[in-house]
Every structure is written in C-alpha cells, then in structure tokens.
J.: 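Here it is, the structure, as structure tokens.
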Amino acid sequence: MADHAHALEHGLETSTGLDNRKLAIWTFIGSECLFFASLISNFLVHKRTWPSGPGPFPHDAWVSPSGQHFEPIIEIPLVTLGTALLLFSSLFVVLALANAQRGNRKGLLLWLGLTLLCGFFFVGMQVYEFSHFVHKGLTLKSNLYGASFFTLTGFHGTHVTLGVIWLLTLWIEAFRGKIPPAKSLNLEIAALYWHFVDVVWIVIFPVVYLIQ
Amino acid sequence: MDAHAPPTAAAAHDADHPSSGVYVKIGVVLFVLTALEVGLYEFTYGGHAGPAGQTLQPFFIPVLLLLSAAKFALVAMYYMHLKQDHRLFSGVFVFPLVIATVVIVSLIVLQAYHFAFARSG
Amino acid sequence: MLVLLVAACSPDKYAQTTLKPISDFARIGDDIQTTTLYWAFGVFVLVEGALLYAIFRFRGKPNDAEPRQVHGNTMIEIVWTVIPALILAAIAVPTVRGIFETNVIPEGESLTVEVIGHQWWWEFRYPDLNITTANEVHIPVGQTVAFRMHTADVVHSFWPPRFAGKRDVFPNRQTRLWFKAEEAGEYPGQCAEFCGIQHARMAFRVRAQTPEEFQNWVSHMQTLGPKPAKAAAAPAAPDSVRTASVGANLQAPESPDPRNSARQAAAGRDSGATVSAPMPPQDAAYGAGEKLFRAKGCVGCHALNAVDAPKGLIGPNLANIGGRSYIGAGSFKNTDENLARWIRDPQGMKVGVLMPNLGVTAEEARSLVAYLRAHR
Amino acid sequence: MATTALDQQRGHATAGHAEPTGLWSWLTTVDHKRIGILYGATAFFFFLVGGLEAILLRLQLGSANNTFLSPELYNQLFTMHGTTMIFLAIMPLSAMFFNFMIPLQIGARDVAFPRLNAFSYWVFLLGGLFLNSSFLFGAAPNQGWYGYANLTSRQYSPGMNVDFWMLGLQILGVASLAAAVNFFVTILNMRAPGMKMMRMPMFTWMSFITQILLLLAFPVITVALILLMFDRFFGTHFFVPSGGGDPLLWQHLFWIFGHPEVYILVLPAFGIVSEILPVFSRKPLFGYAAMVFSGAFIAFLGFGVWSHHMFTTGMGPIADTFFALSTMLIAVPTGVKIFNWMGTIWGGSIQYRTPIYFALGFIAMFIIGGLSGVMHSSPPADLQQNDTYFVVAHFHYVLFGGSIFALTGGAYYWWPKMFGRMLNEGLGKVHFWLMLIGFNVTFFPMHILGLNGMPRRVYTYPEGLGFETLNQIETAGSLILGFSFLVFLVNIVLTWRGPRNAPADPWNGATLEWAIPSPPQEWNFAEIPTVHGRDPLWEMKREHGGQVPEPARVSGQGIHLPNPSYWPLVSAIGLMVLMVGLMAASLVGPWGVVAGLSVLFIGVFNWAFEPAG
Ligand code: HEA
Ligand code: HEA
Ligand code: CUA
Ligand SMILES: [Cu+2]
C-alpha cells in the first residue's frame with residue numbers, strides 16, 4: 001500500500017536523489033521477497049504430503065484402492081501459456097513505460113492495454129485452472145499438496161489481480177491524458193511491482209509445476 | 001495520480017535507458033528459456049520422455065533452477081532497470097533476496113532432517 | 001541480604017532443582033551450565049564493576065570544563081572485541097562436545113520406555129516388558145533408560161529435572177531422551193511446554209529403584225491383569241500419517257474426543273479395557289466398587305491391567321493406582337480423601353480436566369476408593 | 001477529491017499557520033509529531049494494561065495452590081500480557097520516538113509519506129483494540145505469545161481465543177510494515193543537506209536497522225498467521241498432524257520472525273541510550289563507526305539464530321551446533337556496544353539528570369539479561385533452562401531492564417521537546433530508584449527459581465517444591481515496580497498543570513532536535529539546516545562560543561505542509577471491518593468481509609487520488 005499519490009512534499013531534492021515513491025516500492029518488493037519465500041518454503045515442505053485421503057496427483061494419473069480414477073492435475077500447456085502471458089506482459093509494460101517517457105500517448109495506451117490484456121488472461125487462466133483442479137478432486141482441504149498449492153499460487157494470483165487494477169487506473173489516467181512524460185514515474189512504479197509479480201512466477205513455474 | 005513528481009527523475013534517466021529493441025530481444029530470450037524449460041520437462045518426464053530423457057533426470061532440477069535464475073536475473077536487470085539504475089535499488093532488492101533464499105534452503109534442510117531421522121516408528 | 005540470597009540459592013530446598021544432577025545426562029548439562037555460569041559471573045563482576053567505577057569516578061558538575069572529546073580508540077576496541085570472542089570460544093568447546101554427547105542414543109543394554117503425552121497426564125509403556133503405567137515412571141538405577149516419546153494430542157515436553165533436560169514430544173514424530181540414574185528415590189517431573197488449561201498440573205514422578213526393587217516391581221506389574229478378553233482396537237500410531245507411501249493410513253484420528261467417549265462409556269460401550277484379576281481384600285466395598293467401576297463408565301476411559309494394556313485410552317492406566325504417591329498427574333497426594341474427592345469432583349480439583357464429573361455419591365466413592373486402593 | 005472542509009483547513013493552516021486544534025484535527029492529522037504523540041499515548045496506555053495484567057499474574061503466583069485467578073483466566077492473562085507488552089507497548093513506544101524524533105534528528109519537515117504514517121497509527125490503534133476486545137467476550141487469547149501449533153488448531157482450541165490473537169497480530173503486522181517502509185525511505189531520503197549516513201545520530205541509525213528487520217521479519221509471521229488462519233477457517237492442515245501437517249513448521253516460521261523481533265524491540269533502545277550517554281557525559285559517542293556496524297551485525301546475525309528457541313525439539317547435533325554458535329556470536333557485537341557506552345562515559349563529566357539514570361540502569365540490567373542469554377545458547381544447558389523461570393528472568397532483563405529502561409529514559413530525555421515542559425527531577429529520580437529496586441526484586445529471584453525447577457506458564461505450583469518464598473518476594477517486587485509507574489504518572493500530571501517551561505535545549509544536546517523550539521512548530525525547521533558533522537548542535541555552539549540563542553518561534557509563512565486527510569483512517573477502519581468480518585463469517589456470511597474490502601478499497605482509492613498538498 002504505497003502512498004502512491006504522494007511525491008516530494010517539500011519541493012526538496014531527496015538526500016539520495018532518488019524518488020521517495022520509487023524507493024518505497026523497491027523496499028516493499030524487498031519485503032515481499034520474504035513473503036513469497038515463506039510461502040514457497042511451505043509448499044516445498046508439504047508438496048509430498050498426501051496423508052489425508054486419496055486424491056489426484058500433480059503429474060500422474062492414479063486409481064485409488066476403491067477404483068476411483070484420478071487424472072493428473074497439472075496441465076503443462078495451460079500454465080506454459082499463462083507463463084508466456086506474464087512474460088510478454090512484462091515486455092509490454094516496459095515498452096509502455098518507454099513510450100510514456102517519450103510522451104507517445106498512443107504507444108503508451110497500446111502497450112499498456114496489451115499488458116492489461118495479458119494480465120486479464122493470466123488471471124482468467126488461473127481461475128479456470130483452479131476450478132478445473134477442483135473438478136479433478138483437488139481442493140484446499142483435500143490434502144496438504146492442494147492446500148499449499150492453492151495458497152501459494154492463490155496469493156500470487158491476488159498480487160496479479162491487484163496489479164491489474166493498479167495498471168487499469170493508470171490506463172484510464174493515460175487515456176485522459178494525465179500521464180505526461182513528467183509523470184511517467186507513476187507508471188514506472190506500477191511497472192516495477194508488475195515485474196516483481198512476474199519474477200515470482202518465474203520461480204513458481206518450475207518449482208511448482210515442472211519439478212515433480 | 002496528480003502528484004507533482006519532479007521531471008528530473010524520469011527524464012534524466014531516459015537517456016541511459018536501453019532502447020525498445022533491447023527489451024524485445026530480452027523478451028525473445030525469456031521466451032526461449034521458458035520453451036527450454038518446458039521442453040526439458042517433456043524430454044525428461046513428460047509424455048515424450050524416452051530412455052535418453054530418463055538418464056538426464058538427475059540434471060533436471062539443477063538445470064531448471066539455473067534457467068529460472070537466468071530469467072529472473074534478466075527481468076530484474078533489464079525490465080526493472082537494476083542494471084543501470086542507482087545501486088541502492090539493487091541493494092534493497094538483493095539483500096532480502098539472499099535472506100529469503102537462505103530461509104528457504106535452511107527450512108527445507110531442517111525439515112528434511114526430521115523426516116529422515118526423527119520420524120516415530 | 002547476601003546470606004539470604006545464598007540460602008535461597010541452595011538447591012537443597014528445591015525438590016525439582018536442576019542443580020543437583022543424579023544422572024550422566026544431567027551431569028553433561030550441569031557441567032556446561034556451571035562453566036557458563038562461572039564465565040558469566042566473571043564477566044558480570046568485571047563489567048558491572050567497571051561501570052560502577054565510571055559512574056562514581058566521572059561525576060561532573062554543571063560548570064566543569066568540557067571534558068576531553070575522545071571519539072574512539074581502535075586498539076582498545078579491537079581488544080574488547082577479541083576478549084569476549086575468546087571467552088565464547090571457551091564456552092563453545094564444551095558446548096559442542098555436550099551437544100554430541102547428548103545426541104548419541106545408546107543402544108543395547110538400555111531399557112526402553114515409551115512416553116506418551118496426553119492432555120494432562122503421562123502414559124509410560126515398557127514395550128519389552130509388556131507393561132503399562134501412568135504418571136509414575138519406574139526406572140532402575142545404574143541402567144541406561146532410553147525414552148521414545150510422542151504425544152496423543154498437542155505438543156508437551158517431558159522433563160525430569162534431576163535426571164535430564166527436557167525434550168518436547170510431538171504428535172507426528174518421535175523424540176528421544178536417555179539417562180542412567182545414579183540414586184534411588186522418588187523425584188518430581190513436569191510437562192514443560194504449554195499445552196492448555198491444565199499445563200500447570202501435568203506433572204509426574206520418577207521412581208528410581210535399585211535393580212532388585214525394579215525387578216520386583218516389574219514382576220509384580222506383570223501379574224496385573226490377564227489378557228483382555230477382547231483386544232482393544234489399537235488406533236494407528238500417530239506418526240504413520242507421515243509415511244510417504246501413497247494412500248497409506250488415511251485420516252488417522254488425532255484422538256477421540258474425550259467428551260464423546262465419556263458419553264459412550266457411560267452408555268456402557270465396552271472399550272476393550274478389562275478389569276484386572278481381583279486383588280486380595282475382597283470385602284463388600286471392594287465388590288461394590290468393582291460394579292460401580294463398570295456402571296459409572298470408568299472402564300470407558302481407564303484400563304486396570306498393566307499387561308497388554310490397550311492403547312489410545314483417554315484416561316490413565318489404573319492398574320497400580322492404589323500404590324501411587326500422587327493422583328491427578330502428580331498434583332495431589334494419593335490419600336483416601338483425595339482419591340474420593342477426585343472420583344466425585346475431578347473438575348473441582350483440576351478445572352477443565354478431561355475426566356467428567358460422573359455423579360458419584362460419597363457412598364459410591366468410598367466403594368470405588370476401596371476397589372482402586374486394592375489395585376497397587 | 002478532497003472535500004471543502006479539508007481545503008478550508010489547509011487554507012487556514014497555510015495562511016496564518018495557527019496550529020489546528022480539536023478532535024477532527026487529530027483524526028485527520030498527518031503531522032509526524034502528532035502521530036508520534038498518539039502512538040506514545042496509546043502505547044503507554046497499553047503498557048499500563050499489560051502491567052496490570054502482570055500484577056494480576058504475580059498476585060496469583062504469590063502463594064502455592066492459590067485460587068485468586070482461575071486457570072483459564074491466568075492463561076489468558078499471561079498470553080495477553082506477553083502479546084500486549086511486545087506488540088502494543090514496546091514496539092509502538094519505539095514507534096513514538098521514530099515518529100517524533102527521526103524527522104527532527106535528520107532535519108526534515110516530515111516523514112516521506114505522512115498519510116501512510118497516519119494509516120499505520122490508525123491500524124495499530126484498531127488492532128490493539130480488536131485484540132483487547134476479546135476480554136469482553138471472555139475469549140482472550142490463551143495459548144501463549146508464540147502460539148505453538150497444534151494447540152492452536154480448531155480441535156484443541158475451539159473457541160474464538162486464537163482467532164482474536166491471529167487476526168489481531170495480522171492487523172498489527174500491517175501497521176508495522178507500512179511504518180517500516182515509511183521510515184526506511186524517510187531516513188534514506190529526507191536527510192538535511194550534509195547529513196551523510198555516517199553522520200546520522202545513533203538513534204536514527206538503530207531505528208534504520210530496526211526498519212530493515214521489520215521489513216524482513218514481518219512477512220514471515222504474516223505467512224505463518226495466514227496458514228494458521230487457513231487451518232482454522234478453511235479446514236487445511238498445515239499444522240495439523242492428522243492431515244500430515246507439521247507443528248514444528250509453525251515453530252520455525254514463528255521464530256524466524258520471533259528472534260529478529262526481539263532485536264526490533266531492543267535496537268531502538270540501544271539508539272536512545274546512545275543519545276543520552278554522550279549528552280550527559282558531555283563527550284561524543286565513543287566509537288561511532290563500531291556502534292553502527294555492531295548494530296548492523298547484530299541485526300544480520302539475528303536472522304541466523306532462530307532455532308535457539310527450539311533446542312528442546314531435538315533438531316539433531318548439526319543444527320544444534322550451528323544455532324548455538326551463531327547465538328553465542330551475537331554476544332560479541334553486543335559486547336562492543338556495551339564497552340563503547342562505557343567508553344563514552346569514561347573520562348566524561350557526567351551530569352546526573354534523570355535521563356542518564358535510566359540509561360545507566362539500562363546498561364547494568366541489560367548486561368545481566370545478555371549473560372543469561374549466553375547461558376541459554378548452550379543447548380545441553382538450555383535443555384534444563386528452557387521453559388523455566390530462568391528464561392522468564394532472561395527476557396525480562398533484556399525487555400524490561402533493556403527496552404523499558406531505555407524507553408523510559410528516552411521519555412524523560414525528550415519530554416521537554418515533545419511537550420514543552422520539564423518533568424520534575426526529584427520525582428524522576430524517585431521513579432528510577434523504585435523501578436530499579438522493584439525490577440530486581442521482581443525478576444532476579446526468577447533466575448534462582450528457574451534453575452531450581454520452576455516451569456513457566458503455570459497458573460499455580462504445589463507446596464513442597466520450595467517455590468513459595470521467592471515467589472512471594474517477586475510479587476512484592478512487582479507491586480513496587482507498578483508503584484514506580486504511578487510516580488511517573490503523578491509526575492506527568494503535576495508538570496502538565498504547570499507552565500510550558502522547557503527551553504529549546506535543556507540538556508545541552510548535540511543533535512538537531514534541540515536546535516528548534518520546544519515543542520517544535522508544525523513545520524519543525526523554519527529553515528532546513530545544513531549539517532557539517534556528527535554532533536551538529538555542539539559544533540554550532542562551539543562556533544558561537546559555547547551558546548546559541550534560543551530559537552525564535554516564527555510565522556512559517558510560505559512553508560508548504562502536507563494536507564490533513566481522513567482517508568488513512570477510513571482505510572484502517574476498512575481493514576478492521578475486514579478482519580471482524582472474517583471472524584464473524586460463520587454468523588453473517590461473507591458480508592462482513594465484503595463490507596470491509598469495500599471500505600478499504602474506497603479509502604485507498606480516494607487516498608491515492610487526493611492531492612497530497
Ligand atoms: C530485547 C530482547 C532480547 C534480547 C536483546 C535478547 C538477547 C539474547 N538472547 Fe534472548 N530472548 C528474548 C528476548 C531477547 N533476547 C525473549 C523474549 C525470549 C523468550 C521468548 C519466549 O520463550 O517467550 C528469549 C529467549 C532466548 C533463548 C531461548 C531460551 C529458551 O527458551 O530455551 C535464547 C537461547 O539461546 C536466548 C539467547 C539470547 C542471547 C545469546 C542474546 C544476546 O543477544 C545477548 C548478548 C548480550 C550480552 C552477552 C551482554 C553484554 C556483552 C558483554 C558484556 C560482552 C562480554 C560477554 C561475554 C563474553 C559473554 N534468548
Ligand atoms: C516488554 C515486555 C514485558 C514487560 C515490560 C513485562 C513486565 C512484567 N512482566 Fe512479563 N512477560 C513478557 C513481557 C514483558 N513483561 C512476555 C513476552 C512474557 C511471556 C508470555 C508468554 O509466556 O506467552 C511475560 C511473562 C511474564 C510472566 C510469566 C508468566 C508465566 O509464565 O506464567 C510473569 C510472572 O511473573 C511476568 C511478570 C511481569 C511483571 C511483574 C512485569 C512488570 O514489569 C510490570 C510492572 C507493572 C506496570 C508497569 C503497570 C503499572 C500499573 C499500574 C500502576 C496500574 C495503573 C493501571 C491503569 C491506569 C490501567 N511476565
Ligand atoms: Cu503438557 Cu504442558
Ligand atoms: Cu531468540
């Protein structure tokens with residue numbers, strides 16, 4: 001919750017020459033590293049814990065003693081698509097920023113719009129994925145793999161959603177012509193947050209989906 | 001978002017920001033690395049895993065971690081501008097990152113000890 | 001003042017002291033503790049002395065001249081970095097040795113005791129001897145005892161201060177402790193991890209006995225109780241949930257809800273606990289007590305046989321209750337009055353205890369006491 | 001989107017610069033000094049509550065088999081005592097000084113994000129009230145301040161007690177994190193010209209390090225609490241063994257946070273003492289650089305020692321060795337600090353005014369606590385000491401003997417600056433002596449009791465173990481200790497009635513806060529000072545032949561100040577409603593959560609688009 005409407009109140013140069021808000025978002029990102037590290041540790045500790053019930057497995061099909069058939073949970077093509085979307089959105093937002101800094105409103109709107117689109121689709125992908133998993137029998141409650149999977153990816157998804165909302169307000173601002181180059185910092189800060197959410201996914205993707 | 005950010009912060013740095021071309025190139029590299037990750041998965045574990053793939057399984061995790069670290073570094077250095085931005089930003093990011101990694105690793109090690117030796121039975 | 005302090009420090013008046021170790025394990029810790037205490041005391045005297053000296057020596061008056069403005073002194077700063085480091089090294093060496101010594105779990109000649117923590121009492125099983133008891137653990141002097149521990153519910157910590165430090169007990173893993181007792185006698189112990197409302201009254205007694213006494217006790221215990229008519233449904237060992245194998249052991253209940261079982265027990269369900277072979281004084285009160293023990297549902301939670309005792313009961317094994325020195329997990333002297341009070345009003349004596357008040361009258365309690373007293 | 005009322009106020013403030021007054025001005029304030037005072041008043045209130053709880057605990061323990069408190073109430077009280085003292089007393093008391101003093105010490109007009117600052121305070125206040133409201137339901141947390149799993153699972157704690165604790169801490173965590181980002185940026189970015197990092201006052205330095213610890217430690221407890229919340233509300237089994245969960249994971253996560261937390265509690269205290277000692281010894285701080293680096297080193301090492309709280313879990317020899325050695329290592333930089341403080345007073349001309357009494361008391365008491373800490377760090381010995389009153393003695397010597405002594409000293413030291421009034425010296429000294437005596441009578445015997453086998457967290461103990469006498473003495477001591485704070489209260493009330501008599505620089509201070517009027521004007525510095533060294537005010541005075549003229553109160557015409565805002569308060573209320581909604585979800589369904597989220601969203605949105613000033 002950075003005070004993002006807030007610039008240098010005092011009309012003074014800062015001691016480091018760096019903008020307060022940009023430093024704040026980096027600080028926040030640093031702090032978030034520990035947040036996701038804890039969630040990832042939790043996932044790694046629990047990923048092989050299947051005690052409380054026959055359930056589906058991430059990578060293998062399985063037939064329970066009672067004859068129930070479970071499909072493997074994870075669908076690599078789907079998440080690969082999501083991953084690609086996030087990666088591209090990172091590229092798009094950096095291009096949007098470059099356009100903002102150059103004062104090219106059209107370019108800004110285009111690239112930021114594409115970023116948003118990617119964000120939307122990523123969130124959509126995750127909603128689809130979650131509901132699909134639930135159909136296959138994996139829920140928050142079914143076992144600790146499910147619990148820690150949903151917690152980790154769910155909190156990441158929440159971050160993406162917040163990022164989408166943030167970028168959307170910026171897109172509207174830009175549309176109304178309120179992001180001249182002098183204010184491109186507003187976008188830069190949101191973009192930093194967005195990239196961070198992306199790098200977290202860069203870790204989650206192999207750790208959660210690819211490594212068995 | 002009507003704060004009066006000083007024009008200096010954005011404009012001054014504009015000059016040394018890499019051009020859009022660089023961003024796109026990085027984007028391509030990121031995409032290729034991701035494809036590599038998935039390809040590696042398919043080759044060693046996935047539906048297309050043959051005997052050759054299976055012999056590679058021991059290398060799968062380290063290679064995968066390396067690839068993702070590379071992607072991580074590319075995004076942080078170029079898209080997040082750490083490479084040419086003030087070093088303080090790198091510090092504010094990297095220090096927590098190191099602590100975070102140490103925390104993950106040590107938690108895994110400590111828990112693994114328990115699973116290995118202290119299980120009741 | 002100082003005399004008072006010294007008097008207060010003397011461990012003799014404290015039955016549960018850690019300062020008078022009577023086992024090899026406790027000695028390891030005590031030696032290190034003494035070492036660190038001496039170092040700490042030395043540092044304390046020197047540093048606080050210097051501080052007091054400075055406080056008095058450098059008193060100033062408001063209009064004194066400004067003292068010399070010293071900003072630091074590299075040499076002396078290095079000295080006071082290195083000296084503490086050396087002191088710590090002196091503490092570290094025995095520490096590391098102690099860590100490894102206390103972590104070696106002796107094999108072979110040792111006696112194995114299984115410790116199971118319950119809210120708020122202790123169960124002790126001797127797997128090799130096939131006997132079970134509660135709240136008072138008997139051990140032979142001069143033989144290493146290896147404890148293997150876990151809990152039936154929440155985390156507790158097993159702590160017999162005269163013999164060893166504490167070790168936590170977990171529901172999903174086994175922890176270990178060992179020691180060789182050096183002196184016979186009866187010593188108090190305590191649960192040391194907060195475990196709910198009656199954590200304070202989750203004590204136990206350690207009865208260290210000469211090998212002969214211990215042998216006698218074991219032989220005696222082994223006579224307590226014929227094989228149960230029906231084997232109790234042994235609940236899964238609480239740790240098996242960890243087993244990696246897919247689908248194995250699913251949904252192990254953590255422990256049955258005691259309140260439920262109380263109800264079921266009162267309804268006359270046979271939990272598998274059996275009433276042990278009758279003891280000698282079989283007067284009228286004894287017979288009435290025996291009936292009441294079933295009728296009041298005591299059997300639902302308590303076993304009276306030490307041999308082949310069922311696992312997973314909510315209440316402590318009562319096979320030798322008549323001979324224990326304390327009841328209520330080391331909380332109250334085992335007098336007839338206390339026992340009767342306990343049977344009538346456990347909630348009044350130990351608020352929140354998992355044994356319900358069962359509406360036992362004074363008369364009935366007297367019979368139950370007579371019955372239980374005979375189980376020794 | 002600012003309302004007209006706000007605009008008027010702002011116009012008012014900038015035109016004549018009369019200080020706004022009235023309740024509304026406090027609810028909407030973004031002035032770091034007012035927020036500091038709010039923090040201080042609230043925290044001191046909670047300190048008294050926590051102290052009162054402690055006194056009740058002590059009364060219960062005064063004799064064997066006492067029945068003054070029921071077991072359940074005792075358990076609630078010790079949990080709330082620990083939680084209150086740590087999260088609602090010491091941390092926000094430190095935050096009071098961060099707020100009031102850091103901008104003054106670094107020569108700034110405010111913090112980097114004034115509204116975020118207000119938000120932190122309101123969240124803290126509401127979180128504290130939320131936590132304590134549990135008493136109204138008879139469901140105060142009762143599982144101990146570190147809430148070990150699996151006692152906290154639904155099965156073993158079916159009531160709302162743990163819910164209050166878990167959500168309350170979660171709320172307080174938000175406040176701490178927001179404040180930490182704010183002060184981290186403030187200290188880096190808002191320094192006056194010439195105030196290089198290595199010229200910052202030591203209090204600012206230690207606070208800076210504290211913010212780093214907060215930033216890195218709090219996310220971990222946040223996650224642990226989230227997992228616990230999922231367990232309790234949504235039926236997961238992270239810490240529930242029957243579902244394959246592991247109670248030990250909670251212990252790790254808690255102490256990864258918990259150990260840095262204890263340095264969060266004590267580093268600001270180190271900073272305060274490092275301010276007081278030089279001023280009253282009339283001599284600069286000895287070994288400034290070493291002080292900075294030792295502080296940083298303590299904080300860094302603080303992340304690698306957490307398992308020393310878990311020696312009794314049987315982690316195995318390798319882990320035990322690692323954590324034992326890393327723990328011992330911390331004594332080295334801490335020793336450096338102690339010796340540098342002694343080097344500071346050594347050869348000085350010590351002016352015995354009240355603040356330095358507390359600073360010296362701090363050193364003397366903290367050493368004792370540190371030494372018992374080193375005794376804990378040896379696992380074979382700690383197996384005996386863990387969870388006994390020896391530990392209770394240790395942490396009260398470092399927390400009370402350390403943090404509280406220093407914070408009280410800081411209160412006496414900075415009181416004139418904050419309120420423009422001198423506290424009474426005589427009463428201050430009475431307070432000190434009563435506190436020192438009461439403290440030692442209360443807590444010293446705990447060492448002896450602990451080593452002689454008295455476990456902690458027991459609502460009673462039986463006769464025959466020999467615990468009676470010393471416990472009785474401790475209880476008497478705690479009454480003396482409580483009384484000493486009554487003396488403090490009297491001192492406050494008496495001097496409050498008197499005139500504003502404090503000069504700008506009553507103690508011959510060295511740092512910038514003493515260069516401006518007491519209490520400071522809204523904009524702190526009429527003109528931002530330029531700094532040339534570590535003790536800027538002393539240097540200024542030397543240039544002027546020993547004295548500088550009393551700074552004049554000025555009109556502040558043309559000084560630009562941030563606008564007041566009520567959106568931080570609204571956002572905080574939203575967060576609070578969200579938590580209450582979570583808790584009441586079984587009664588009101590998702591609507592509480594939805595309402596909370598909406599208010600939070602509206603608050604943050606308006607805040608974001610409101611002109612900052
Ligand atoms: C302000 C808070 C604070 C501080 C500063 C410390 C400081 C230290 N603590 Fe403490 N600790 C707590 C708060 C704190 N602690 C709390 C709250 C608990 C209990 C939590 C709970 O269970 O509820 C606890 C518990 C605790 C334990 C766990 C005990 C147990 O439960 O079994 C341990 C174990 O190692 C420990 C060690 C230390 C050490 C080594 C230091 C060191 O940093 C101390 C260093 C200082 C000195 C050593 C003194 C000065 C140095 C010199 C004069 C130099 C010369 C000295 C030597 C050569 C030795 N602490
Ligand atoms: C900063 C932290 C801090 C502080 C300052 C204190 C202060 C005190 N503590 Fe506390 N304590 C803890 C932190 C702290 N404690 C923690 C973390 C625990 C562990 C909890 C756990 O196990 O979970 C603990 C546990 C603890 C116990 C052990 C409980 C147990 O294990 O069963 C005891 C027992 O004596 C105790 C006593 C005291 C006393 C007598 C004071 C005294 O210093 C208090 C002095 C009293 C006052 C300062 C108040 C004065 C009040 C008045 C004069 C009345 C006026 C009131 C109003 C106007 C409202 N504390
Ligand atoms: Cu069992 Cu405390
Ligand atoms: Cu610690």
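What you see is a predicted model; the values in this text were computed from it and never measured. Order of the sequence lines sets the chain letters (A, B, ...), proteins ahead of strands, with each chain counted from 1.
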J.: Could you walk me through whether C/T81 and D/V332 satisfy the side chain to side chain contact (heavy atoms under 4.5 Å, CB included) test, starting with their C-alpha distance in whole Å, then the side-chain angles of each, then the deciding distance to 0.1 Å, before giving a yes or no?
T.: CA-CA 6 Å; C/T81 311; D/V332 174; 3.6 Å; yes
J.: Go through C/C191, C/P84, C/C195 and name the one with the most non-hydrogen pairs under 4.5 angstrom from chain D.
T.: C/C195
J.: Measure distances from C/L37 to the heavy atoms of chain D and classify the residue's part below 4.5 Å as side chain, backbone, both or neither.
T.: both
J.: Measuring from atom CG of D/L465 to atom OH of C/Y14, what distance do you get when rounded to the nearest 0.5 angstrom?
T.: 11.0 Å
J.: Non-hydrogen atoms of chain D under 4.5 Å away: do they reach the side chain of C/A164, the backbone, both or neither?
T.: backbone
J.: Pick from D/N142, D/I338, D/N340, D/I367: which one has the most heavy-atom pairs with chain C under 4.5 Å?
T.: D/N340
J.: Could you walk me through whether D/T312 and C/D168 pass side-chain hydrogen bond (donor to acceptor under 3.5 Å, both in side chains), step by step?
T.: CA-CA 6 Å; D/T312 57; C/D168 300 352; 3.1 Å; yes
J.: Just wondering, do D/Y288 and C/H71 contact through their side chains at under 4.5 Å, heavy atoms?
T.: no
J.: If we check side chain to side chain contact (heavy atoms under 4.5 Å, CB included) with D/P71, which of these qualifies: C/Q198, C/H199, C/R201?
T.: C/Q198
J.: What pair of heavy atoms forms the shortest contact from D/Q385 to C/Q33, and how long is it?
T.: NE2-OE1, 2.9 Å
J.: For chain C, which candidate among D/K283, D/Q143, D/Q351 shows the most heavy-atom pairs at distances under 4.5 Å?
T.: D/Q351
J.: Hey, would you say the D/W346 and C/Y53 ring centroids sit under 6.0 Å apart?
T.: yes
J.: Ignoring hydrogens, what is the shortest heavy-atom contact between D/L248 and C/F170? Give both atom names and the distance.
T.: CD1-CZ, 3.3 Å
J.: Give, for atom CG of C/L51 and atom CD1 of D/I345, the distance between the pair rounded to the nearest 0.5 Å.
T.: 5.5 Å
J.: Verify the distance criterion only: is there a donor paired with an acceptor across the side chains of D/Q384 and C/W159 at less than 3.5 Å?
T.: yes
J.: Just give me the residue among D/V374, D/I368, D/L325 that pairs up with chain C most often, heavy atom to heavy atom, under 4.5 Å.
T.: D/I368
J.: Under a 4.5 Å cut-off applied to non-hydrogen side-chain atoms, are C/Q119 and D/L151 in contact?
T.: yes
J.: Taking all heavy atoms of C/A40 and all of D/L371, pick out the closest pair and write down the distance.
T.: O-CD1, 3.5 Å
J.: Under a 4.5 Å heavy-atom cutoff, which of C/E101, C/K61, C/R57, C/K20 has the most pairs with chain D?
T.: C/K61
J.: At a 4.5 Å cut-off on heavy atoms, which part of C/A89 comes close to chain D: side chain, backbone, both, or neither?
T.: neither
J.: Please check if the number of heavy atoms outside C/Y38 that lie under 6.0 Å from its OH is greater than 12.
T.: no
J.: Please confirm whether the backbone N or O of C/A192 pairs with a side-chain atom of D/R457, one donor and one acceptor, at under 3.5 Å?
T.: no
J.: For the rings on D/F286 and C/W80, is their centre-to-centre separation under 6.0 Å?
T.: yes
J.: Check whether any side-chain N or O of D/N150 sits under 3.5 Å from a backbone N or O of C/D153 as a donor-acceptor pair, and report yes or no.
T.: yes
J.: Do you know which of C/V47, C/V351, C/I87, C/V104 has the most heavy-atom pairs under 4.5 Å to chain D?
T.: C/V47
J.: Please flag which part of C/F25 lies under 4.5 Å from any non-hydrogen atom of chain D: side chain, backbone, both or neither.
T.: side chain
J.: Given a strict heavy-atom distance threshold of 4.5 Å, which part of C/P188 is in contact with chain D: side chain, backbone, both, or neither?
T.: side chain
J.: Using non-hydrogen atoms and a 4.5 Å limit, figure out which bit of C/Q69 sits close to chain D: side chain, backbone, both or neither.
T.: both
J.: Kindly indicate whether the side chain of D/Y352, heavy atoms from C-beta on, has any atom under 4.5 Å from the side chain of C/I55.
T.: yes
J.: Where the side chain of C/T18 meets the backbone of D/L451, is there a donor-acceptor pair that is under 3.5 Å apart?
T.: yes
J.: Tell me which of these, C/I32, C/I28, C/T36, C/V70, has more heavy-atom pairs under 4.5 Å with chain D than the rest.
T.: C/V70
J.: Are D/I350 and C/R59 side-chain neighbours, meaning at least one heavy-atom pair lies under 4.5 Å?
T.: no
J.: With a 4.5 Å limit on heavy-atom distance, are the side chains of C/S157 and D/D387 in contact?
T.: no
J.: Take C/R173 and D/D246, measure what salt bridge (charged side-chain N to carboxylate O under 4.0 Å, His left out) needs, and give me the verdict at the end.
T.: CA-CA 9 Å; C/R173 52 169 55 90; D/D246 191 356; 2.9 Å; yes
J.: Answer with side chain, backbone, both or neither: which region of C/R167 has an atom nearer than 4.5 Å to a non-hydrogen atom of chain D?
T.: both
J.: Heavy-atom pairs under 4.5 Å with chain D - which of C/V155, C/I83, C/D31 has more of them than the others?
T.: C/V155
J.: C/T17: what forms a side chain to side chain donor-acceptor pair (under 3.5 Å) with it, not counting sequence neighbours?
T.: D/N452
J.: Under 4.5 Å from any heavy atom of chain D, what part of C/E66 do you find: side chain, backbone, both or neither?
T.: both
J.: Does D/I363 form a side chain to side chain contact (heavy atoms under 4.5 Å, CB included) with C/E48? I'd like the steps, not just the answer.
T.: CA-CA 9 Å; D/I363 303 181; C/E48 302 275 6; over 6 Å; no
J.: Can you tell me how far CD1 of C/I91 sits from OG of D/S377, rounded to the nearest 0.5 angstrom?
T.: 7.0 Å
J.: Between C/P171 and D/P241, what is the shortest heavy-atom contact and its length?
T.: CG-CG, 3.2 Å
J.: Would you give the length of the straight line joining atom CZ of D/R282 to atom CZ of C/F58, rounded to the nearest 0.5 angstrom?
T.: 15.0 Å
